[in-house]
2 protein chains.
Amino acid sequence: MTLPGEALALLGRTPLFAGVSPADLEPLLADFRLRRYATDSYIFREGDPGDHLHLLAAGEVKISRTTEAGGEAIFAVLGAGEVFGELAVLQENAVRSADAQALADTECFVLHRQALVAFLQAHPAVMWRVITVLSERIRRKDEAFSDLAFNDIPGRVARKLLELAEARGDLSGKGIQISVPISQRTLAGLVGASRENVNRALSRFASLGLIKVERGHITVVRPDELRRRGV
Amino acid sequence: MTLPGEALALLGRTPLFAGVSPADLEPLLADFRLRRYATDSYIFREGDPGDHLHLLAAGEVKISRTTEAGGEAIFAVLGAGEVFGELAVLQENAVRSADAQALADTECFVLHRQALVAFLQAHPAVMWRVITVLSERIRRKDEAFSDLAFNDIPGRVARKLLELAEARGDLSGKGIQISVPISQRTLAGLVGASRENVNRALSRFASLGLIKVERGHITVVRPDELRRRGV
DNA sequence: AGCCGCCTATGCCGCGCGTCACACACGACC
DNA sequence: GGTCGTGTGTGACGCGCGGCATAGGCGGCT
């Protein structure tokens, strides 16, 4: 499925490399290696040495961190076109600071540190893109932080649902269906709450008709009502 | 206090511009403007239009966000040499996403978007620095997020104290004194907790002899004990 | 089919934390 | 010195959330 031509097109559609001419992009392609990961397999784990950048071609990847006690904080759930593992790339001999796990059958391009550095030095415009992407990510994390500090669980769940709907929404008949199958456990990790209480929040929203919950799928029926924090 | 020569030296000591030769740095100096802010005054507020980068020359700046309800989440307390307001710089016509307030008499260099962009394009090495700084910031925010999600207030306070001691520590006789005067209210905003409970945590730590609390000043006496989460 | 594992759903209990309420210490300003 | 504002200490109360326990549903595997 990922012939060279397709890979090139995919790269071009990435926020990171958008705008780079295919001619410029092509040499980079040789340095990428395509890797496949089965559902639930780990792409890397916290503590692993790592100096590769990962570009998600297809599938879903969860970036998370687990505590001794068994709790899991999920920093992000990424879809096609997004980049991860970039932190370890920036310094030599770095160590991964979180786990990356495939939530679905996933393939991603893997680029070694050196190749990336060389490419970026040759293409300052892309470097600028990197800065933009990172900045946006910081903004979102600040958002998540204050969200976690101030809002109760229903509020956080509501926000996260809207966020997911925006990022991964399929307009399906009545409402926006979140296309990724996300378990309530995962959702709990994303909003920093227990699975049970996330469930309760979802149940309440559902009974109010704001959302519709099916097994592994959630449909946001009334986004604007949900935005007003379902009680 | 900030003659051109000193300003140049200060720039050179910044994580961002370290390693750039003074000769290369000098043209940039002309584009900076020095601004002073009195204690408690706002450098900018959420919603302000803003396309200037701020480089902190002296003083302390608090980056925070306030809710309608009066709560305040503090994203960072920055000291000399650190940079803020970079998010708004990256896109044209951007709007500030948080407040920046001087915690002490503060002066900072202010650089307009265009000048920065021009400089960065001329100096890819500095661009790389920017990426590094941003990445490190992301890592810290992930850290803060999982901290907030998992640890109770004493634990969070302990970590934050250690962090502050490391970043702003003065070795004073017995223990590391945090050189910035930080009110318990501020500390509360940083760890996402109420002032009262932060106080209780501090009191407990103090009674255990792990820290010493004076008006506006905290001294970490036994860092390693504190790291083990004071009960 | 039958078993098993994961996800979902809901009740109950205990506790941490937010909130209110009040008292004290200290510096600023008149 | 008196007053006020702000930072600090501490107690009481109520609630939201985490944890456990329980039960049903659905799919996968043999």
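Order of the sequence lines sets the chain letters (A, B, ...), proteins ahead of strands, with each chain counted from 1. Atom set for the values below is all heavy atoms of this structure, side chains included, hydrogens, waters and symmetry mates excluded.
There is a side-chain donor-acceptor pair under 3.5 Å between A:Asn199 and A:Ser203.
The base of C:dC17 is not paired with the side chain of B:Glu196 by any donor and acceptor separated by under 3.5 Å.
D:dG9 atom P lies 14 Å from atom CZ of B:Arg204, rounded to whole Å. Protein atom CZ of A:Arg200 is 9 Å distant from nucleotide atom P of D:dG18, rounded to whole Å. A:Leu202 has its CG atom 14 Å from the C1' atom of C:dT10, to the nearest Å. Rounded to whole Å, the distance from CG on B:Asn151 to P on D:dG18 is 14 Å. Rounded to an integer number of Å, the gap from A:His217 NE2 to C:dT8 C1' is 15 Å. Summarising the geometry, the separation between CZ on A:Arg195 and P on D:dA21 is reported as 14 Å, rounded to the nearest angstrom. Going from atom CD of B:Gln184 over to atom C1' of C:dA25 covers 13 Å, rounded to whole Å. Computed from coordinates, the B:Glu72 CD to C:dG18 P distance equals 15 Å when rounded to whole Å.
When heavy atoms are screened at a 4.0 angstrom cut-off, B:Ser194 is found touching base atoms of the nucleic acid. Across all strands shown, B:Gly192 has heavy atoms under 4.0 Å from sugar-phosphate atoms exclusively, and none from any base.
Shown here are the salt bridge (Lys or Arg N to Asp or Glu O under 4.0 Å) partners of B:Arg200, two or more places apart in sequence or in another chain: there are none.
Two rings, from B:His52 and B:Phe44, have their centers 6.0 Å or more apart.
Within the 4.0 Å cut-off from OP1 or OP2 of D:dT6, not a single side-chain nitrogen or oxygen of B:Ser183 is found. Contact check, A:Asn197 against D:dC17: no side-chain N or O comes under 4.0 Å of OP1 or OP2.
Closest to the side chain of B:Ile153, out of C:dC17, C:dT8, D:dG9, is C:dC17. Closest contact between the side chain of B:Asp152 and the listed nucleotides C:dG18, C:dC17, D:dG7 involves C:dC17.
When all heavy atoms are compared, the tightest approach of A:Glu60 to A:Leu78 is OE1-O, 3.2 Å.
Around CD of B:Glu46, the count of heavy atoms belonging to other residues, nucleotides or ligands within 6.0 Å exceeds 12.
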